[in-house]
Amino acid sequence: MHTSLAIERLDRVPVSVTLTPGLSMLALITDALSGRTRGAPEGWRRSVRAAVKERDEMVLRSLATPGFSVLPDVVLPGEFTRDVAVSEQVEMLRDLPGEDLLLELDTLIDGRPPPQWRQAFDDPRRWLRGYADLMEQAWSAMRPVWERARPLFEREVGRVAVAAARRSLDLVLDDLHANCRFNDGTLSFPDFEPERFAIGPRSLVLMPMLAGRNALIARLDGPDAVWIGYPLPGADAPRGEPDDSLELIVGDVRSAILTILERPLTMGALARRVKYAPNVVTYHCDRLESAGLISRRRHGREIHVQRTPRASALVGLFH
């Protein structure tokens, strides 16, 4: 079961990147405190657990119970088309009337709250305060990590900007997350409650997160824009600032594959040339093939890989 977002004319969709640490805190709270592991580094999870003085089980249960993927917009207060500080979001949560949460929940679940949200219906102000406290405490632990990762966030802003300028945003969308696919003008990902959306005249806001590699949070039904929170590339293994290169768009493994494929190679020879394990090369070749950048053909017992004209043109822009 997959949720999908149709983006038929990607070159005409306004795309921006915002840095909103509160979204990262939401992902890490559910990862570190609820047992719904999303692959965050264990050091981050320990830091969040140590910072949270008292677990609010009512809030955690509502945010992370498996089988219910829809969350109210109040989990990300403020204007998501701009960078918003955690302190600002915490203040908004504490000032928000409980009726606002009830109205959103009623719209989402048609007046029939699932068990994990019943306590929030009974005491919405307590839920808002409890969530604000969790976000504030998680941020106290993760703020130094966020600051150290700032060059990676700036790199991601640049990666999206370069891809937009080169009309290669489809490659970025196909690489947002291990479970995301962008194919034939449609972005799709697994979901407990699958729906279909079309972006139409709306804009797309990408929100990189300090989060586990399996974390993905999205709102696809906003009136003016849709947003997608996804793991910041390289956050669990920071590197230096890269140059403006092919790697900036497609990542280091795929850049190496495309660069080396000046002539067709077998899968085995390609793995040896790029110096990655065969299963890693196969995974990235699957994604490159779905993006129309390579083709593979079987000759007897061997599979030969070659660049497509589109990939050769892309490589030529940077070499």
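Side chains are part of it too, since the values below use all heavy atoms of this structure and drop only hydrogens, waters and symmetry mates.
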Check against side-chain contact (heavy atoms from CB on, under 4.5 Å), V250 and I257: CA-CA 10 Å; V250 299; I257 290 171; over 6 Å; no
Of all the heavy-atom pairs spanning [X] and [Y], show the shortest one and how long it is.
{"X": "T3", "Y": "D191", "result": "OG1-OD2, 2.7 Å"}
{"X": "A120", "Y": "L105", "result": "CB-CD1, 4.4 Å"}
{"X": "L176", "Y": "P231", "result": "O-CD, 4.0 Å"}
{"X": "R202", "Y": "V13", "result": "O-CG1, 3.9 Å"}
{"X": "V205", "Y": "F80", "result": "CG1-O, 3.7 Å"}
{"X": "L93", "Y": "M135", "result": "CD1-CE, 4.3 Å"}

Taking atom [atom1] as the centre, does [X] end up with more than 12 heavy-atom neighbours from other residues, nucleotides or ligands that are less than 6.0 angstrom away?
{"X": "D184", "atom1": "CG", "value": "no"}
{"X": "R125", "atom1": "CZ", "value": "yes"}
{"X": "E104", "atom1": "CD", "value": "yes"}
{"X": "R49", "atom1": "CZ", "value": "yes"}
{"X": "E8", "atom1": "CD", "value": "no"}
{"X": "E147", "atom1": "CD", "value": "yes"}

Is it true that a side-chain atom of [X] and a backbone atom of [Y] form a donor plus acceptor pair closer than 3.5 Å?
{"X": "H2", "Y": "P194", "answer": "no"}
{"X": "R55", "Y": "L33", "answer": "yes"}
{"X": "R301", "Y": "R298", "answer": "no"}
{"X": "S140", "Y": "Q137", "answer": "yes"}
{"X": "D83", "Y": "L19", "answer": "yes"}
{"X": "T308", "Y": "G292", "answer": "yes"}
{"X": "Y131", "Y": "V59", "answer": "no"}
{"X": "R61", "Y": "Q116", "answer": "no"}

Side-chain donor-acceptor contact under 3.5 Å, H304 with R297: no
Supply the atom-to-atom distance [X] [atom1] to [Y] [atom2], rounded to the nearest 0.5 angstrom.
{"X": "S312", "Y": "L293", "atom1": "OG", "atom2": "CG", "answer": "9.5 Å"}
{"X": "D122", "Y": "M58", "atom1": "CG", "atom2": "CE", "answer": "9.5 Å"}
{"X": "L76", "Y": "M207", "atom1": "CG", "atom2": "CE", "answer": "5.0 Å"}
{"X": "R273", "Y": "T259", "atom1": "CZ", "atom2": "OG1", "answer": "11.0 Å"}

Residues D56, R126: salt bridge by 4.0 Å N-O rule: yes
Carboxylate-amine/guanidinium contact R287 D174, below 4.0 Å: yes
Going by atom type alone, with no hydrogens or angles, which donor-acceptor pairs under 3.5 Å involve a side-chain atom of residues 22-32 and a protein atom two or more places apart or on another chain?
| residue | atom | partner | partner atom | Å |
| --- | --- | --- | --- | --- |
| S24 | OG | L210 | N | 2.9 |
| T30 | OG1 | L26 | O | 3.4 |
| T30 | OG1 | A27 | O | 2.9 |
| D31 | OD1 | R45 | NE | 2.7 |
| D31 | OD2 | R38 | N | 2.8 |
| D31 | OD2 | G39 | N | 3.3 |
| D31 | OD2 | A40 | N | 3.2 |

Residue pair T18, V84: steps toward the side-chain contact (heavy atoms from CB on, under 4.5 Å) verdict: CA-CA 8 Å; T18 62; V84 183; over 6 Å; no
Passing candidate, side chain to side chain contact (heavy atoms under 4.5 Å, CB included) with L204, options L187, L220, L173: L173
Ring geometry between W117 and W127 (parallel below 30°, tilted from 30 to 60°, perpendicular above 60°): tilted
Criterion side-chain contact (heavy atoms from CB on, under 4.5 Å) on V226 and I199, from CA distance to verdict: CA-CA 8 Å; V226 302; I199 199 163; 4.0 Å; yes
side-chain hydrogen bond (donor to acceptor under 3.5 Å, both in side chains) partners for D73, two or more places apart: R219
CA sep, side-chain torsions, deciding dist, call: R94, D133, side-chain contact (heavy atoms from CB on, under 4.5 Å): CA-CA 9 Å; R94 289 175 174 155; D133 290 344; 2.7 Å; yes
Positive for side-chain hydrogen bond (donor to acceptor under 3.5 Å, both in side chains) with Y230, one of E156, R213, H177: E156
